[in-house]
Amino acid sequence: MKPMIVALCLGAAAIAALAATPAAAAAESSRPRIGLVLAGGGAKGSAHIGVLKVLEALRVPIDAIAGTSMGALVGGGYAAGLSAADMEQALTSVDWNQLFDDDPPRAEWPMRRKEQSLNPTFGFSVGQRDGELRLPKGAISGQEVLLYLSDLTAGAEGVAHFDQLPIPFRAVATDLETGEMVVFDQGPLPLAMRASMAVPGVFAPLETDDRIYVDGGLVRNLPVDIARAMGVDRLIVVRLESNPPTRKQLSSVLGSIGQMINFVFAQNEARSLTEIDPRRDILVTPQLGDIGSGDFNRGPEAIATGVAAARRVSEQLARLGVSPAAYAAWRASVERRRQPVERIDEVRIVGLERVSAELFEPIADRHEGKPLDRSQLESDLNRLYGRGDFERVNYRIEREDGRHLLVVDAVEKAWGPGYLSFGVGLTSDFQGDSRFGLRATYRQTWINDLGGEWLTQVSLGNESDLYSELYQPVDAARTAFVAPYVDLGMVPLGVFQGNDRVARYDITRRRVGVDVGTTFGRFAELRLGVLFGTVDAKVDTGSPLVPEARMTESGLRARLFHDTRDSGGIPRSGSFAVMDLFAPTTALGAQQDYIRAEIQAMKALSRGPNTLVTNLRGGTAFGNAMPYYDQFPLGGFLKLSGYANEQFRGNEYAFGSLVYHHLLTTLTPPLGKGLYLGGSLEIGRQWDVIESLNPSATRYGGSLFFGADTWLGPFYMGFGLSGDGDTTGYVTLGRP
């Protein structure tokens, strides 16, 4: 809460407390103690906030709260001292798609992970640990959710027991090993809330204190008995009702699983309803209609149903209300019990097994002995999480001998340190060039204390490849590294005469090399290396208008890579640039000396749903004649649309394009980021070409397309029109 708002609230509370009369104080001491029970229900639980709004309007003080799942989230925030208005703001202003996407923004990823993401794999990995294959614990690890809960409960840090919160609180979870109900009455409040809402198969179970916790709704979705045991006299019980799912909704796997979970919730809810005493308890039942447990974007509607439900029983609720003075005094007591942390005295890192503690030294340097900066802390933790080594990297604050300890819980992935992932790619220009590939990638991380990594990638298809690299940093921060590698691959290459494909070659390369490099923060990487290799260019079909070749191409290479894009598929913001230089030299055994230099750059700018991407590319051989297979290609989707894929080649080229995307809708993580409609305008020219095949000329292209940034990689289905009036269609998915 901002300082000014805090000051105003405390000032108002103090005035109200002074205004409280002895009669009001007596009424406060003699009134019944009231407990609040909040049921689970995913997004439907936003209705609880509507009920709280009515309770505040009727001046009903709450003395204890018990909640399950989303009821634990709302109840925990209110117990930490937030008002109903605060809770409404917190739940309606958050981007739920981003909250359920564990990954921090791509721009915050380390450079190595950005490079690897350009060869997209499916949105999950199979782990390898101790010789066994292991699966991730759930679709959502909960990294962002836990940070959100820590923000939500600010002011309640370091509370040893939940009876010491501004409002006493209990959260209900289920022990996954025994099936027993677990009632959290102490410990870090955000962890208790997170454990209570770990829906099986969606959220990963929470492992802490040698136990595994999942959603409390499996055993007590309506914790009436838990609230009753907190020493209250009367209960306000909020139960969520909605329409049953349609047959269409039940036709999916997720719909069926969700319905089975609903049956379990309903059964234990039925038992809890029998524990409500109609003589002294009040049941509030928001009617959510077609708002489902996953409809978090419909929070305002759900809140409105809570308001309507509470108003239907407002006469009963009003009998529990107190005078304005007594209510102000109660609210002031809630505010007084909040204890925001202003300064961190010590930073401790716990949970590390393989990952070097050196990575966390900047956090200690930045936060120890300084005021608590939550925004900076969360950014630091997300940056570490973005490396891909952790199941979660969260924080808690403990009080010890009057000092504030910042404890960072770094939980490494239980299904690592080896990761096996898969990808698929295809592209077709409907003019005879179709490429496809299946890809498997194995990444063994932290093979030594400096964070050495072994990466092997195999692609099968008509673009096949085997690439294996040992990436060895000289320090855990990866400021410099050495990377020996082996690269074996084959790609098809078409030879065109005019618009006719007259031949197809198979280009087979075999390379071994070693790079040395350095990273510049999170945004750039420089590599310099030497490689030894051979290349075979053989005719597969057609006329050998270009000579076949078997050459040694040993030489030097350099690569400068910069990337701040928000997506490696269809970016909406950020920039990208790569400069590649390859120089075969006879001094290292090559049969031909030449220098091949290329630069590519792009910039994406967005306003609302609209994005404009500027692309510039160029390449030169500095007057040398390169082998045909190494000449710069143009032609194909977004590379002179309307022409065949790689229809033109030359020793020099320049290309530019403007690409427009309109965001139709966002996709829910981990399915992807969005669906788009768009188009492009393109211009390119090549020089120093084989004139008998395609003479040098300035060429134009354009396209209209449907695009999707998906968990399989970018997908496009488009129509291209060339400057010569030729048209063709395109389909691409990922990278072949």
Side-chain angles (χ1 to χ4, degrees), residues 32-92 152 166-172 193 196-197 217 221-224 226-228 230 232 234-242 265 269 272-273 276 278 280-289 291 293 295-296 298-322 327 330-331 334:
R33 287 178 50 80
I34 301 167
L36 180 64
V37 179
L38 301 179
K44 296 183 290 185
S46 296
H48 295 316
I49 297 174
V51 176
L52 290 173
K53 292 174 69 173
V54 174
L55 293 178
E56 289 186 348
L58 296 174
R59 301 188 302 278
V60 178
I62 301 299
D63 300 288
I65 303 174
T68 298
S69 196
M70 192 65 172
L73 186 153
V74 175
Y78 201 69
L82 297 182
S83 67
D86 294 332
M87 292 297 303
E88 182 174 24
Q89 173 67 19
L91 266 70
T92 57
L152 191 69
I167 302 174
F169 174 68
R170 301 290 185 269
V172 180
M193 297 160 69
S196 182
M197 58 189 296
N221 199 52
L222 198 63
V224 173
I226 308 303
R228 184 93 67 197
M230 296 175 73
V232 297
R234 305 186 67 174
L235 293 178
I236 299 172
V237 181
V238 186
R239 180 185 181 230
L240 307 173
E241 286 192 354
S242 58
F265 287 7
E269 266 194 4
S272 296
L273 288 172
I276 296 175
R280 53 176 177 161
D281 302 330
I282 301 172
L283 178 63
V284 184
T285 309
Q287 304 292 330
L288 278 300
I291 299 177
S293 58
D295 293 331
F296 288 93
R298 299 178 67 180
E301 297 176 61
I303 292 172
T305 67
V307 171
R311 285 176 176 168
R312 286 196 294 269
V313 292
S314 59
E315 288 188 10
Q316 300 176 62
L317 294 173
R319 299 190 189 105
L320 302 178
V322 297
Y327 189 78
W330 171 80
R331 191 68 214 178
V334 169

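Here the straight-line distance linking atom CD of Q287 with atom CG of L240 works out to 10.0 Å at 0.5 Å rounding. To the nearest 0.5 Å, atoms CG (L222) and CD (E269) are separated by 5.0 Å. From I303, atom CD1 reaches atom CZ of R298 across 13.0 Å, with rounding to the nearest 0.5 Å. Of the inter-residue distances, the one linking E301 atom CD with L288 atom CG reads 10.0 Å to the nearest 0.5 angstrom.
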Under the criterion side-chain contact (heavy atoms from CB on, under 4.5 Å), I'd like the reasoning laid out for T68 against I226: C-alpha separation, chi angles, the key distance, then a yes or no. CA-CA 11 Å; T68 298; I226 308 303; over 6 Å; no
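Under the rule for a side chain to side chain donor-acceptor pair (under 3.5 Å), S46 has no partner lying at least two apart in sequence or in another chain. Applying the side chain to side chain donor-acceptor pair (under 3.5 Å) criterion to S242, with sequence neighbours excluded, gives K44. Residues passing the side chain to side chain donor-acceptor pair (under 3.5 Å) test with D281, sequence neighbours excluded: R228. With sequence neighbours excluded, the residues that form a ring-ring contact (aromatic ring centres under 6.0 Å, His included) with F296 are W96, F100. Applying the side-chain contact (heavy atoms from CB on, under 4.5 Å) test to R59 and every residue at least two apart in sequence or in another chain returns P324, Y327. Looking at residues two or more places apart in sequence or on another chain, you find a side-chain contact (heavy atoms from CB on, under 4.5 Å) between A79 and I65, L165, I167, F169. Residues satisfying the side chain to side chain donor-acceptor pair (under 3.5 Å) test with R234, not counting sequence neighbours, are none.
For the pair S83 (side chain) and D86 (backbone), a donor-acceptor distance under 3.5 Å is present.
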Residues 312-320 side chain polar contacts: donor-acceptor under 3.5 Å, at least two apart:
{"unit_1": "R312", "atom_1": "NH2", "unit_2": "T285", "atom_2": "O", "d": "3.1"}
{"unit_1": "S314", "atom_1": "OG", "unit_2": "R311", "atom_2": "O", "d": "2.9"}

What side-chain donor-acceptor pairs closer than 3.5 Å can you find for residues 49-57, not counting sequence neighbours?
{"unit_1": "K53", "atom_1": "NZ", "unit_2": "E88", "atom_2": "OE1", "d": "3.2"}
{"unit_1": "K53", "atom_1": "NZ", "unit_2": "E88", "atom_2": "OE2", "d": "3.4"}
{"unit_1": "E56", "atom_1": "OE2", "unit_2": "Y78", "atom_2": "OH", "d": "3.0"}
{"unit_1": "E56", "atom_1": "OE2", "unit_2": "A84", "atom_2": "N", "d": "3.0"}

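Across V37 and A227, no two heavy atoms sit closer than the pair CG2-CB, 3.5 Å. The two residues A72 and S196 make their nearest non-hydrogen contact at CB-OG, 3.6 Å. Nearest heavy-atom pair, P223 versus V172, reported as atom, atom and distance to 0.1 Å: CB-CG2, 3.8 Å. Here the closest heavy-atom approach between residue A47 and residue T305 is recorded as CB-OG1, 3.6 Å.
Each of I276, L38, L283, V224 was evaluated against R239; a single residue qualifies, L283, per the side-chain contact (heavy atoms from CB on, under 4.5 Å) test.
Residues in residues 70-80 take part in no salt bridge (Lys or Arg N to Asp or Glu O under 4.0 Å) pair, two or more places apart or across chains.
Considering only heavy atoms from C-beta on, L152 comes within 4.5 Å of M87 through its side chain.
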